[in-house]
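Let me begin by presenting the structure, written as structure tokens, before commenting on it.
Quick note: residue numbers are just sequence positions, from 1.
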Amino acid sequence: MSPKEEIEQLRRELDQHNYNYYVLNQPTISDFEFDQKMHQLEDLEMFYPQYADPNSPTQRVGSDLNQSFKAVAHKYPMLSLANTYNEQDVRDFYNRVKEGLEGEDFEICAEMKYDGLSISLTYVDGALVQAVTRGDGVKGDDVTNNVRTIRSIPLKLREGSGYPHEFEIRGEILMPWTSFEKLNEERAKREEPLFANPRNAASGTLKSQNSRVVAERGLDAYLYYLLGDEIPSDGFHYENLQQAASWGFKISQGMKKCKTIEDVLAFIDYWDTERKNLPVATDGIVLKVNSLRQQRHLGFTAKSPRWAIAYKFKAERACTRLNEVTYQVGRTGAVTPVANMDPVQLAGTMVKRASLHNADVMEELDLHIGDMVYVEKGGEIIPKVVGVDKTQRQPGLQKVQFIKTCPECGAELVRFEGEAAHYCPNDSACPPQIKGRIEHFISRKAMNIDSLGPETVDDYYKRGLIHDVSDLYTLTIADICGVNKNRVKSAQKVVDGVKSTLQVPFERVVFAIGIRFVGETTAKLLARRFKSMDALRNATMEQLMEVDGVGQVIAESVVKYFQDLKNVEIVEKLAGFGVQMQLSEEHLSEQTDKLAGKNIVISGVFQHHSRDEYKAIIEQNGGKNVSGISKKTSFILAGDNMGPSKLEKAQSLGVSIVSEEEFLAMLK
């Protein structure tokens, strides 16, 4: 046997063993035997690099090399599903399908709704060529290298199984409960922040820039929808997935074809209890019309298909003892009360802390230390206290009172008019606020320094390397490395990442400096109105409130920010380092008033630009993006699959519909 033939045979054997273990859960050889074959293949590939293959089983371990993700347009838009929470809504959906099909017989495919990260996989000639996240539904991130490390996703399909030349299959990437608990145990030992739930852990892992990290965390995947020009257009969804299973894909066993609404409701009732025994997190049931022909006939609204719906399970509830209330201080100084309780099992995880939101919620609950409290996971994600079993309250328990001073720095808390939260006003010297503002500054929608994260910020702060955001620009490789010379590569990336922020446009700088109540959209409006940081700094309350969308609270916050000499000093330091402090000449030259005074609603799916890009274009030309249709709406920018309800409302109010091509011509 030639080296090439031996390599190919080992790859086939290891692929089959991976499939047996991770998809069928029926291993046929021991871990030791598997490792021996893997080592044999690794040695052969090292000696014969001319036979390298990115889809080889040896590539599933990932790489330590950092990577960046590029945005990729979806061939077929990834729309979200309409949600429902009760039996009547399910019946209404069933009846709408019945009406839409004009009495024609139909089947509903009922399946589990897995709580993970949506993914689209493209295969050509049986090999995985691309993996893209959902993103905004029109474009997503190319995460192919990371997905290759997930062992339940086939790199090559089973030979002779009859798969098409090219197709797309969609599904959910998840972190099983066992992997999630192991990961959080490891993070706790290293005193790192814990992941809140498996979905967040899976999402954070898949977006890791180090594919070796992804390989180590034990992600899994279930596939649930098949697309492609070569998929029979008169076929059936359930049957397609059974065929995909024969090609090597992991398909949910919790699927059933239902012929009546009673079948559907029985399926929901069964899994409402049985899902707690599954190895991965689920948060509902997905119902799909089984016939692809009937799916096309029913069509889509602007946001979701009419032939499918998601039924969300009611939040799971547990009762446990309240032992203590502690308080967390966030980036903006908002103080959040947290209930510390006896550990209790809830939606697959052990819960011992839950949010109490704010002082009003605490008062309404009438909490006493030692109370038996009801805890739910809102949307199966964030634990929260929702009630007290006062029949079990013991006499003499102490009532919980909201604190008066900051638990971190001792400053007296304040509460702004119309706000539910209490705030620590000491934003220049309160440690969680300082670190929080730095984390905000480096975040993706602000300065986007992706080589830094919360753990690194905390480390640099504790080591005295940074005290505010301006200190990032004085960091050196020697500072970061200290005595550990193994950090040189990562240190260089941090320094380069900070340097790259000098190209970040002014409107994102306004967002990044962290003025309380100034979000991404408001920052854009302020940047475009005042055009420079100096002008914004000197703006009066009246001038600020002239900006559309800026009210008294935001205006007061902007004025107060620049009255603080510490903030002014930081902004001046940033300017000295070369951070953009005014709109660029290019940006100013591109601004027009062609859409001045226009209130524009965007609806549908577009060909030339994404919805976010069109929003930016509207703002660039003086228009205003609005979400709802009213008499004040100037026109609707409509793409494909515009929602019928929006169309009907527009017609009733006499609002004109402008196509994508008409809109672009209008701007030319």
Side-chain angles (χ1 to χ4, degrees), residues 85-86 115 174-189 191-202 269 271-284 312-330 334-403 407 420-422 432:
Y85 297 86
N86 58 65
D115 195 19
L174 314 105
M175 181 171 285
W177 289 117
T178 52
S179 299
F180 174 70
E181 288 161 6
K182 179 184 175 186
L183 175 61
N184 266 352
E185 284 174 12
E186 292 169 350
R187 292 176 73 86
K189 289 176 185 174
E191 296 185 352
E192 294 177 354
L194 304 186
F195 284 110
N197 52 73
R199 183 178 66 179
N200 286 5
D269 286 343
W271 282 109
D272 196 8
T273 302
E274 189 60 27
R275 67 193 173 95
K276 296 167 188 174
N277 298 320
L278 291 173
V280 293
T282 60
D283 61 354
K312 302 294 282 288
F313 291 125
K314 293 181 178 66
E316 191 178 336
R317 172 181 285 203
C319 190
T320 187
R321 186 180 306 279
L322 174 68
N323 297 320
E324 182 187 18
V325 174
T326 55
Y327 298 84
Q328 294 178 338
V329 183
V335 178
T336 304
V338 178
N340 295 265
M341 311 161 297
D342 285 348
V344 63
Q345 187 81 10
L346 193 62
T349 56
M350 194 62 72
V351 171
K352 53 185 177 183
R353 289 162 58 84
S355 173
L356 291 168
H357 298 293
N358 54 57
D360 291 344
V361 170
M362 279 175 52
E363 183 63 30
E364 188 179 334
L365 288 168
D366 184 31
L367 287 174
H368 289 63
I369 300 298
D371 271 343
M372 297 301 293
V373 296
Y374 293 109
V375 188
E376 286 185 358
K377 276 196 173 183
E380 303 283 331
I381 300 298
I382 303 169
K384 57 185 178 182
V385 175
V386 295
V388 177
D389 185 353
K390 294 183 180 178
T391 64
Q392 296 192 60
R393 179 176 289 169
Q394 301 297 316
L397 297 183
Q398 180 185 356
K399 183 171 180 176
V400 180
Q401 302 288 346
F402 200 88
I403 56 174
H422 283 73

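Here the shortest heavy-atom pairing between P176 and V280 reads CA-CG1, 3.8 Å. Considering all non-hydrogen atoms of both residues, M175 and P198 come closest at O-CB, 3.5 Å. Of all the heavy atoms in L174 and A281, the pair that sits closest is CD2-O, 3.8 Å. Residues A359 and H422 approach most closely at CB-CE1, 3.7 Å, considering heavy atoms. Taking every heavy atom of both residues into account, P343 and T320 meet most closely at O-OG1, 4.5 Å.
Salt-bridge annotation for R275 and D115: absent, with no side-chain N of the basic residue lying under 4.0 Å from a carboxylate O of the acidic one. For the pair R199 and D283, the salt-bridge criterion is not met [side-chain N within less than 4.0 Å of a carboxylate O].
At a cut-off of 3.5 Å, with distance as the only test, a side-chain donor of N277 or E274 sits close to an acceptor on the other residue.
Residues passing the salt bridge (charged side-chain N to carboxylate O under 4.0 Å, His left out) test with R317 are E376, sequence neighbours excluded. Residues that satisfy the salt bridge (charged side-chain N to carboxylate O under 4.0 Å, His left out) test with D269, not counting sequence neighbours, are absent from this structure. Taking the side-chain hydrogen bond (donor to acceptor under 3.5 Å, both in side chains) definition, one finds that T391 meets it with D389, sequence neighbours left out. Listed by chain and number, the residues in a salt bridge (charged side-chain N to carboxylate O under 4.0 Å, His left out) with D360 are R415 (sequence neighbours excluded). With sequence neighbours excluded, no residue forms a salt bridge (charged side-chain N to carboxylate O under 4.0 Å, His left out) with K352.
Residues L397 and I369 form no side-chain contact, since every pair of their non-hydrogen atoms from C-beta on lies 4.5 Å or further apart. For the pair V388 and D366, the minimum side-chain heavy-atom distance is 4.5 Å or more.
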What side-chain donor-acceptor pairs closer than 3.5 Å can you find for residues 323-330, not counting sequence neighbours?
{"unit_1": "N323", "atom_1": "ND2", "unit_2": "D342", "atom_2": "OD1", "d": "2.9"}
{"unit_1": "T326", "atom_1": "OG1", "unit_2": "N340", "atom_2": "ND2", "d": "2.9"}
{"unit_1": "Y327", "atom_1": "OH", "unit_2": "Q401", "atom_2": "O", "d": "3.4"}

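Atom-to-atom distance recorded for Q398:CD and H368:NE2 is 9.0 Å, nearest 0.5 angstrom. Summarising the geometry, atom CE belonging to M372 is positioned 10.5 Å from atom CE belonging to M341; distances are rounded to the nearest 0.5 Å. Atom-to-atom distance recorded for K399:NZ and M362:CE is 9.0 Å, nearest 0.5 angstrom.
For the side chain to side chain contact (heavy atoms under 4.5 Å, CB included) test with L356, the passing option among T336, L322, L365 is L365; the others fail.
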